[in-house]
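Beneath this line is the structure, given in structure tokens, with notes to follow.
Numbering of residues begins at 1 and proceeds along the displayed sequence.
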Amino acid sequence: MADAAAKLIERTRLLGLAGGRRDLYLGLPLLQAWDTPRLKAVVAHELGHFSPRFGRLAPVAYRGRTVVARVVPRISRRNPAGPLLRSYAGFYRRIDAPFSRAQELQADRIAAEYAGPRTAAAVLQDLPALDALLRVFHAEYLGPGWQAGRVPDDIFGGFLRVLAARAEEIAVLRTREPVPPSTWDTHPPLQDRLAALATSTAPAPATGPAPVADPSNATSSTDANSSLDAPGPTDAPGPTDAPGTTHEPGTTDEPGTTDAGGATDEASGGEQAEPELIPDLPGLGRALQHVAFPPQGRATVGWDDFFGAARTVEMQREADAALTTVSRAAGSTVSTADDVLELAGDGRLRKIAESVFPGLPADETAYRVIDLVTLLLALAALHSGAARWRHSWTGTAELVAAAGSHLDLGGLAAMAVDPATVATAREKLAGLGIDVAAAPAGDGEQARPEVVGGVVNLVVDGSRTDVLVVDTGLFLLPGLPRSQNGSAKRRLAEFAAADGAQREAAAPGTRFVPYAEVANATQVRRRSWDLALRDGSTIGVRTALDSDELPGGWAALDDAVAFLSRTR
């Protein structure tokens, strides 16, 4: 699976009283980042929960708390039985907590028996660090290009490069103060688990193959009757290489050598290096990518093109918003760097800037104008083929000339905003091969709005309406009849995941209101607002008795209205 986790999922029956089929899931990031001893530790922990050492009733108890923890958060506040069910759940948790925490510590000890206490401790520290780095990877590397309508040809291979390039950051994440366990988390605090492992006694060196390496031994030494998430938080995808060949910085395959946590693995004493667990892990990563990250119409490109499209689309969207404001102030369409330089040449650009930023100091206004022109010149250079992006896995991307030389667009922008030197700036730009009138190609990159949240069954201008909040505006979907109320949230979630054409087909009559077209927002009462548009019309948004949210929907709508109510 794409998560940095190891999980054992059981299909229980009779509210958890009876067990069923169990499946062990291993995260691809773990297979890439860890050597065999670490994998032994995390798998032994999961299987250890089914050891006969826990007693016959332990699996039933664990199934019970798993079912309760899954069901209770889903109980609606409007459910009349909710208070009673939540009270029972709280009582169950208080009684069960000491036993569940003891089982986790016992599973840790079983992991230490197979892989050594220090390796088991390193696993506990590495899981949160891997999860945190995966989140960074998704937010900083994968997310922007994904929103730009592109998908890299090897997502997991890209994470592997980040894993290798940001070794120092991983070391910092490993030593970071752990997040306290949640209310229903069966795991004791990390420090308690590490302290218990520190007092564990390492087993004697094995004289033959390690127990887990032999499938028959692994089967006979466990009694699978439960399910458990991997110790530590995790929820993200990862990289591409075979275990035993590529690890986290500081790891090694050699038995008895120092692991990523700076410790020596006592348990792997005289063992010889084991064969590759998965012969073609990069190929498996690419196959998994098609399942975990379906393109959904996005173009598949290499990482360099992926990064370039992401940055260019981000810049274009920022430029479009600024040019819309300039056009409104100028009273005419301003769409390219050439149009802005025309305004600078006749002295109108500075006056427009002063009207857009009233009360701002002159030097600050001049700085913002130069910043906008620099942005426009960079886009013109990219659209002209005179510039390209130089990317880094550890720092920010740099815009350079097509040949790779330095490109000083800031200095040219400072010349271009001055009526006395704008003609000279044009000449220099032409000499660099930059066409200031260049615009994005008709089939160029288009940014996909990033979904922030959603609310169903609102009343907008008197009509039942669902609202999807994205980073550029609000989608207003005609609401479903009350008889189909149970399908409203599912439909809005499907609409959020769909592409532009698919969205129109999924919800005909949908209206998009860009934030740029909203002049102001006023809160009438709690969760009821009036949105004043720039064309003079007003949109009234009201809550209803059956209004409900997708996760984070109300907060997203509140934040959007707060943004629209500020001076922009």
Side-chain angles (χ1 to χ4, degrees), residues 4-8 30 33-35 37-51 53-55 58 61-62 65 69 93-133 170-205 210-212 226 228-234 248-252 255-269:
K7 300 180 181 180
L8 225 159
L30 304 188
W34 286 351
D35 54 10
R38 279 185 177 76
L39 294 173
K40 283 184 180 180
V42 73
V43 172
H45 176 98
E46 294 302 312
L47 299 180
H49 278 286
F50 317 136
S51 169
R53 303 181 194 180
F54 294 109
Y62 185 79
R65 62 175 168 267
R93 184 177 65 246
R94 287 192 299 272
I95 298 300
D96 177 70
F99 300 99
S100 62
R101 300 297 171 92
Q103 286 187 13
E104 290 293 341
L105 295 176
Q106 179 66 16
D108 287 343
R109 285 191 288 271
I110 293 175
E113 292 177 12
Y114 278 83
R118 296 183 182 179
T119 299
V123 164
L124 298 183
Q125 293 173 305
D126 287 349
L127 275 174
L130 278 177
D131 177 61
L133 190 64
I170 296 173
V172 172
L173 292 172
R174 189 180 293 116
T175 59
R176 191 173 60 179
E177 187 70 21
V179 177
S182 63
T183 302
W184 282 100
D185 194 343
T186 61
H187 303 93
L190 177 59
Q191 297 304 328
D192 293 352
R193 301 176 71 183
L194 294 176
L197 286 172
T199 60
S200 297
T201 303
V212 175
S226 179
L228 182 72
D229 286 345
T234 174
E248 286 184 77
T251 65
T252 140
T257 56
T258 302
D259 58 29
T264 301
D265 183 0
E266 306 94 333
S268 51

Q.
Tell me every residue that passes side-chain contact (heavy atoms from CB on, under 4.5 Å) with Ala196, counting only those two or more places apart in sequence or in another chain.
A. Leu105

Could you tell me whether the side chain of [Y] reaches within less than 4.5 Å of the side chain of [X], counting heavy atoms only?
X: Asp108; Y: Leu124; result: yes
X: His49; Y: Gln106; result: no
X: Asp192; Y: Pro189; result: yes
X: His45; Y: Val42; result: no

Taking all heavy atoms of [X] and all of [Y], pick out the closest pair and write down the distance.
X: Ala44; Y: Ala111; result: CB-CA, 3.9 Å
X: Ile170; Y: Ala129; result: O-CB, 4.3 Å
X: Val172; Y: Thr175; result: O-OG1, 2.9 Å
X: Ala115; Y: Ala41; result: CB-CB, 3.7 Å
X: Leu30; Y: Ala6; result: CD1-N, 4.0 Å
X: Ala120; Y: Leu197; result: C-CD1, 3.9 Å

Supply the atom-to-atom distance [X] [atom1] to [Y] [atom2], rounded to the nearest 0.5 angstrom.
X: Trp34; Y: Leu127; atom1: CH2; atom2: CG; result: 3.5 Å
X: Leu39; Y: Tyr114; atom1: CG; atom2: OH; result: 15.5 Å
X: Leu194; Y: Thr199; atom1: CG; atom2: OG1; result: 11.0 Å
X: Thr119; Y: Asp35; atom1: OG1; atom2: CG; result: 7.0 Å

Q | His187 and its side chain to side chain contact (heavy atoms under 4.5 Å, CB included) partner, picked from Gln103, Arg193, Arg101 | A | Arg193

